[in-house]
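Following: one structure in C-alpha cells, then a few remarks.
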Amino acid sequence: MKKFLNDPANFVDEMLDGIYRAHPQVTYVNDDRRCLVVASRKAGKVGIATGGGSGHLPLFLGYVGDNMLDGCAVGGVFQSPSAEQMYEVTKAIDQGAGVLYIYGNYTGDIINFDMAAELADLDGIAVKQVVGNDDVASSVVGEEHKRRGVAGIFFVYKAAGAAAANGLSLDEVTRLADKARLNVRTIGVALSSCVVPEIGHATFDVGADEMEIGMGIHGEPGIGRTKLAPADAVVDQMMARVFAELPAGRGDEFAVLVNGLGGTPKEELYILFRRVSQLFEEKGAKVKYVWIGEFATAMEMAGASISVLKLDAELDPLIAAPANTPFFAHYKA
Amino acid sequence: MKKFLNDPANFVDEMLDGIYRAHPQVTYVNDDRRCLVVASRKAGKVGIATGGGSGHLPLFLGYVGDNMLDGCAVGGVFQSPSAEQMYEVTKAIDQGAGVLYIYGNYTGDIINFDMAAELADLDGIAVKQVVGNDDVASSVVGEEHKRRGVAGIFFVYKAAGAAAANGLSLDEVTRLADKARLNVRTIGVALSSCVVPEIGHATFDVGADEMEIGMGIHGEPGIGRTKLAPADAVVDQMMARVFAELPAGRGDEFAVLVNGLGGTPKEELYILFRRVSQLFEEKGAKVKYVWIGEFATAMEMAGASISVLKLDAELDPLIAAPANTPFFAHYKA
Amino acid sequence: MDAIRAEDLISLIRAWRDMFAVQRDFLIALDGKVGDSDLGITMAKAFAAAYDTVAAEGPEAGLSKLLRGAGATMAKTAPSTMGTLTATGFLRGAKALEGKDTIGTPELAAFWRAYATGIAERGKARLGDKTILDVLDPVAGVLEAQAASGAALAPALKAAADEAEAALERTRTMVAQHGKAAAFQEKTVGLQDAGATVGVLLVKTMSEVVAG
Amino acid sequence: MDAIRAEDLISLIRAWRDMFAVQRDFLIALDGKVGDSDLGITMAKAFAAAYDTVAAEGPEAGLSKLLRGAGATMAKTAPSTMGTLTATGFLRGAKALEGKDTIGTPELAAFWRAYATGIAERGKARLGDKTILDVLDPVAGVLEAQAASGAALAPALKAAADEAEAALERTRTMVAQHGKAAAFQEKTVGLQDAGATVGVLLVKTMSEVVAG
Ligand SMILES: Nc1ncnc2c1ncn2[C@@H]1O[C@H](COP(=O)(O)OP(=O)(O)O)[C@@H](O)[C@H]1O
Ligand SMILES: Nc1ncnc2c1ncn2[C@@H]1O[C@H](COP(=O)(O)OP(=O)(O)O)[C@@H](O)[C@H]1O
Ligand SMILES: [Mg+2]
Ligand SMILES: [Mg+2]
Ligand SMILES: [Mg+2]
Ligand SMILES: [Mg+2]
C-alpha cells in the first residue's frame, strides 16, 4: 500500500480535518466531524442531504455548497455512515421546508437512511428520498431497482440543488431530482483495483492487459473481464449499453460526465470523450453540457465512467445553473 | 501500460480533439491543434501565453480562459512545442499591448520560447518572459536559476492573469508575475513512476515501500530515495525546505496549493494539507487561500507537491480574483 | 449454565468480541469473494465497542438495558449493512426481553425470533434471499420447538447451533439478492453467504459459552 | 571530394539521416542514463525530415537555402533541446554560407564556427558545461587552423574528427550544467555527454562522406 497516511484508522477523520481547515464554507454539527453541513443556511429552503462511504471524493461531501447540497453524513472508507449521523445532519439543515435525501442504492446506506428518516419523522421533519441507481451494468432493464448508484448522481444533485435554490417545495424538488434520476445512465470500466487503507492490499485483481466493463466503485463485478481494447472500441462498447436505454435521436440534447475513477490521467478522459462526442454527432444529437474530470472515484482505481443525462425543458436550466462548492465550481452556462 | 488510448502516436492530438469538442471556450490557430488560444479575445489586453510538454493536465493548456491565460503551445508528451507554434500563438493573442510568456524552466522550452520571442520581435510584437523555477529540490539557494518549474506556476498564472484582466500594461503584468514567481516555492514527493505512451513502460522505478522527495514531474531525481514515512512526517520534511526559504512569521499570509501528481487520491491530499495547516498554525501564520487537487500532474504518477506563495498587498487581490477556464473555475474569494 | 444472567451476557459479548477478532481475516476473505471485504472489520469493531459499552454499564443495568446499549453502540460504530442489521437485532432483542432477569430457553427463542424479524424488516429480505436471515430464522424455529418441549438451555442451544450449520450449508444453493454480493448473481451459487456465516458464529459461540 | 557542392550537401544530409537511424537506440540508451531518453528519437526524426525537405528542394536551391530549409524543418519536427539546437546550428550555418556555391576548408570553418556560436547563444551554454559545445568549439578551432595553413578539405576534416573524439573524451570529466542531465550533478562525471556524442557523429560522418 503506497498511501500518504498516518494511522489507517484515522484516515477519514484526518481527511475531514483537512477539509474543514481548507474550506470554511462547510462545517460540522453534533461535535462529530462526520456530520458535515454548509456553514450558512438559507432560511425556508428545502434542505438536501446526502451520505455514503468515504473514498469517493469529491463524492459525496464535495457537493455540499452553494446551489447544490446542504449536508452530508460521512462514512468510513466504502462504509455507510450511521443513521444517527444522518439524523443529526437532517436536523441541522431543516429550515422548516423539509429535507430530501439523495444517495446511492447500497444496502447499508438504505438501511441507515431509512432509520434516519424514521427518527426525523418523529421530530416532525418531512423527509423524502431519491435513491440513485444509474449504473446500467449492475442489473438488467426491468430490474432497475437493483442497480447501483454511481457517478450519475452528480446530475441528480445538480438538478435538485438548483431547484431547491430556486425556492421550490419539497415535493417539487423531489419530483425534479427523481426526473433527473430516471433520465441518467452510467457505465464504467475499471483497469485496476483500489486499496482500502484499513485493509492495505488491492481489493481485487485485474490482469495486466485486462479491463472490466461495468465494475462498481467498490470493485463489484461488471459485465465481464476482457482484454483492454483501444479507447474508441471501449467507448463504443460502453455507449451501446447507454444508447439502448436512452435513445439519442436527431435534435435530442444531453449532458455528459466523463469521470475518472482516480488513477486515470485527465488526458485519457479526453480521448474517451472525443469518441463519445463523435457517437452523439453521428446520431445528430447534441451534447449541450459536459464535465470531464474526477467526480466520483474509488481511491486510486484506474478507470473511467461515462454518465449521460437526457435533457428536457425542465432539467436544462437546472443543469446550466451556477454552483460553487469546495470541490465543484461552475459558472452559469 | 494500462491506458485508454488508440495509437500512442495520436495520444496528444486525440486528447486535443476531445478538449476542443468539450470546451468551445478555446480554439486553435494556424490549422494546428497544438496552437491553442481563447475563442474570444479582449481588445487591448496584454496577452499571456504558456507552453510545454503534454502529460501534465491541467498544466499547461488548462489555464487558458477568463482571467488566466490567452494561449498555449502544446508539445508532445514531456516534449517542448516548437518555436513556430509558440510564435503562431503569440501572433494570435497579441492585441497590440504585447505578450507575456510564462513557462517552466526547462532547456527545450526556453530555447524555443526565445526563438519565438525573436520572431515576434521582428513583427513588432513586444514580448516579455517569466520563467517558473519554484522547485526547491532541484537546486540550492543561490542557484535558483537552475531550478525546475513545477506546480507553483499556477500562482504565477493566476497573478498575471488577474493583472492583465485588470488592464495593466505589459511591464506591470510582467512585474507582478515575476513577483509571484519570486514568492512561490514548491516541493514534491513521488511514490511511483508514470508511463509515456510512446515508450510504453515505467520511466523509472520506485521501490514498493519507497518515496522520493523532490522528484521532478518527468521523473528527474530529487533529494533522495527513502522509506515511505507517515504522512505527517513526510509533510514536516517537505515544509522544512519551504520554510527555510519563505519564513512564515506571526501575521504573515500565504496561499497554498496541494497538488496531486495524478495517481494519488484527493483523500490523501487532504491528509497532507491537514499537516501543512497545522505547521502554519504553529507559526502563527495564516493560510488565506488554498487549492487542493490536481493542478500539475505527471500522467498517472502517484505523489503530491506542496506550493506556497507568500502574499502581500499587491498579490492578494490577484490570487483572490475570479477565474473561469475549462479546467479551473474559481469564484471571487 | 442453565440460564443467562446479566453478568453472563457481558461475558458472552466478550466471547463474541474475542471470536470476531480471531475470525476477522477469515470474514474479510469470505466477504471478499463476492463482496467488498468489509465484513470482518465490521464485526470486530461492532463487538469491541459493544463490549466496552456493556462492561462500563455493568450487570446492574440488567439484560434489556445491556442489549440496548450494545445495539446502540454498534449502530454508531459499525454502520455497514451487517453492523446495522446486528444493531437492529440487539435492539429488537432488548425489547423482547424487557423486564426479564434471566434468559432460559423460551426467552432465548423470543430473543432470536425478535432478532430475525428485526433484520427481515430493516433489510427487506425474505427467506431464500441468501442472507443471515436464512440462518437466524431456522435457529429461532428450533429454539421455539425446544422451548415448547421444555428443553434446557444448553441442549437447546446445541440443537440450534447444529441447525445453524446446516442452514448455512443450504445458503450455498441460493442466489444472493441483497448487498454487494447481489451483483455477483449466479457466481454466488456454491458459496456460503458471509452474513449467514456470521449468524452461525454468533449462535455457536453462544452455545459454547453456555456449555461452559 | 575537395569541396562540398549543393548536390553533395543533399547526399551528406542523407548520410546523416541514415547514420542517426542506426544510432537511434544507442542514443536513447545514452540519454536514458542521466536524462529522459528522447535524444535518439529527436535526432532520427530531425534528419529524416531534413532530408525530405532538401531532397524536395533539389540542388538548384543552392547551399544556403538548403541549409536553411533543413534547419527550419528540424525546428518544427523535433523541438526538443537538441532538435532545436541542431536547427539553430543549421540556420546560422546557412547565414554564414550565404552567396557561396562550394564549401572548401575556410567555408567549413566558418560553417562550424557559426553553428557552435549559434548553439552557445541559443542554449546560453559555456565551454566546460558538458554539452555539444565542448565538441563543436574545438572542431571549429581545428578547422580555422587548418584553413589558415591552407589545408585541403579532406585532411582538414580528418583532423577535426580526431579532435572531436578527443573532445568527447574530455566531457567525461565535466559536470552537466544544462538540460535534464543537470539534475544528476556529480553522477554525470565519468559519463560522456549525449549531446557531445551527437557532435562527434555529425563531424565523423561528414569526414567519411568527404573522404568518399
Ligand atoms: N437487505 C439485507 N437484508 C438482510 N441481510 C442482508 C441484506 N443485505 C445483505 N445482507 C447480509 O449482509 C451480508 C453482508 O454484510 P456486509 O458485508 O456488511 O454488507 P455489504 O454487502 O453492504 O458490504 C450478506 O452476506 C448478507 O447475509
Ligand atoms: N543549454 C544548452 N546548451 C547547449 N547544449 C545543451 C544545453 N542543454 C542541453 N544541451 C545538450 O543537449 C543534450 C541533451 O539533449 P536532449 O536530450 O534533447 O535534451 P533534454 O535534456 O532537454 O532532453 C545534452 O547532452 C547537451 O549536450
Ligand atoms: Mg487521481
Ligand atoms: Mg488522477
Ligand atoms: Mg461487505
Ligand atoms: Mg533528453
Side-chain angles (χ1 to χ4, degrees), chain A residues 2-7 11-12 14-19 21-23 54-55 57-58 62 66 77 189 191-192 194 206 208-209 211 228 230-232 234-235 258 262-275 277-278 287 290 292-294 297 299-300 302 304 324 327 329-331, chain B residues 2-7 11-12 14-19 21-23 54-55 57-58 62 66 77 189 191-192 194 206 208-209 211 228 230-232 234-235 258 262-275 277-278 287 290 292-294 297 299-300 302 304 324 327 329-331:
Chain A
K2 287 201 104 167
K3 287 187 190 287
F4 294 117
L5 47 71
N6 298 297
D7 183 342
F11 187 81
V12 171
E14 290 185 357
M15 167 199 92
L16 286 168
D17 189 16
I19 285 172
R21 285 167 179 272
H23 307 298
S54 288
L57 282 182
D66 290 353
V77 173
V189 54
L191 301 189
S192 79
C194 53
V206 191
D209 60 347
M211 62 177 186
L228 178 56
D232 288 356
V234 174
V235 171
V258 179
T264 288
K266 283 198 181 57
E267 285 78 3
E268 298 174 37
L269 301 181
Y270 278 90
I271 290 179
L272 296 176
F273 175 69
R274 169 179 176 271
R275 183 66 190 150
S277 161
Q278 287 175 347
V287 177
V290 55
I292 302 175
E294 291 179 4
T297 63
M299 318 278 298
E300 63 277 90
N324 187 22
F327 289 73
H330 171 62
Y331 281 83
Chain B
K2 286 203 106 168
K3 286 187 192 289
F4 293 117
L5 47 70
N6 297 297
D7 183 343
F11 186 81
V12 171
E14 290 186 356
M15 168 199 91
L16 286 168
D17 188 15
I19 285 172
R21 286 168 177 272
H23 307 298
S54 290
L57 283 182
D66 291 354
V77 173
V189 53
L191 302 189
S192 79
C194 53
V206 190
D209 59 347
M211 63 178 186
L228 178 56
D232 287 356
V234 174
V235 171
V258 180
T264 287
K266 284 197 180 59
E267 284 79 4
E268 298 173 37
L269 302 180
Y270 277 90
I271 290 178
L272 296 176
F273 175 68
R274 170 179 173 271
R275 183 67 190 152
S277 162
Q278 287 174 348
V287 177
V290 54
I292 301 175
E294 290 178 4
T297 63
M299 317 279 298
E300 62 276 269
N324 186 22
F327 289 74
H330 170 62
Y331 281 82

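Numbered from 1 within each chain, the chains take letters A, B, ... in sequence-line order. Just so it is clear, the values below take in all heavy atoms, side chains as well, and ignore hydrogens, waters and symmetry mates.
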Could you tell me whether a side-chain N or O of [X] sits under 3.5 Å from a main-chain N or O of [Y], the two making a donor and an acceptor?
X      : Y      : result
B:E267 : A:L57  : yes
B:N6   : A:D232 : yes
A:E300 : B:G263 : no

Side chain, backbone, both or neither: which part of [X] has an atom under 4.5 Å from a heavy atom of chain B?
X      : answer
A:A302 : neither
A:A208 : backbone
A:I292 : side chain

Checklist entry - Is B:F4 close to A:V189 at the side-chain level, that is, under 4.5 Å between some pair of heavy atoms? => result yes
Checklist entry - Do the side chains of B:R21 and A:Q278 get nearer than 4.5 Å, heavy atoms only? => result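 Heavy-atom side-chain distance check passes, below 4.5 Å.
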Checklist entry - Mind checking what makes ring-ring contact (aromatic ring centres under 6.0 Å, His included) contact with A:H330, not counting sequence neighbours? => result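 ring-ring contact (aromatic ring centres under 6.0 Å, His included) check on A:H330 returns A:W291.
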Checklist entry - What closest approach, in Å, do B:Y270 and A:F327 show between heavy atoms, and which atom pair accounts for it? => result OH-CZ, 3.3 Å
Checklist entry - At their closest point, which heavy atom of B:F273 faces which heavy atom of A:G18, and how far apart are they? => result CD2-O, 3.6 Å
Checklist outcome for this item: So CD1 of B:I271 and CD of A:E14: to nearest 0.5 Å the spacing works out to 5.5 Å
Checklist entry - If you count heavy-atom pairs under 4.5 Å with chain B, which of A:D209, A:V234, A:L272, A:V287 comes out on top? => result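 The residue among A:D209, A:V234, A:L272, A:V287 with the greatest pair count is A:L272.
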Checklist entry - Based on non-hydrogen pairs under 4.5 Å, which of A:T297, A:L228, A:V290, A:I19 is most in contact with chain B? => result A:I19
Next on the checklist: B:K2: which residues meet the side chain to side chain contact (heavy atoms under 4.5 Å, CB included) condition with it, sequence neighbours left out?
Outcome noted: A:L191, A:V206
Checklist entry - Run the side chain to side chain contact (heavy atoms under 4.5 Å, CB included) check on B:E294 and A:E294 step by step: do they pass? => result CA-CA 10 Å; B:E294 290 178 4; A:E294 291 179 4; 3.6 Å; yes
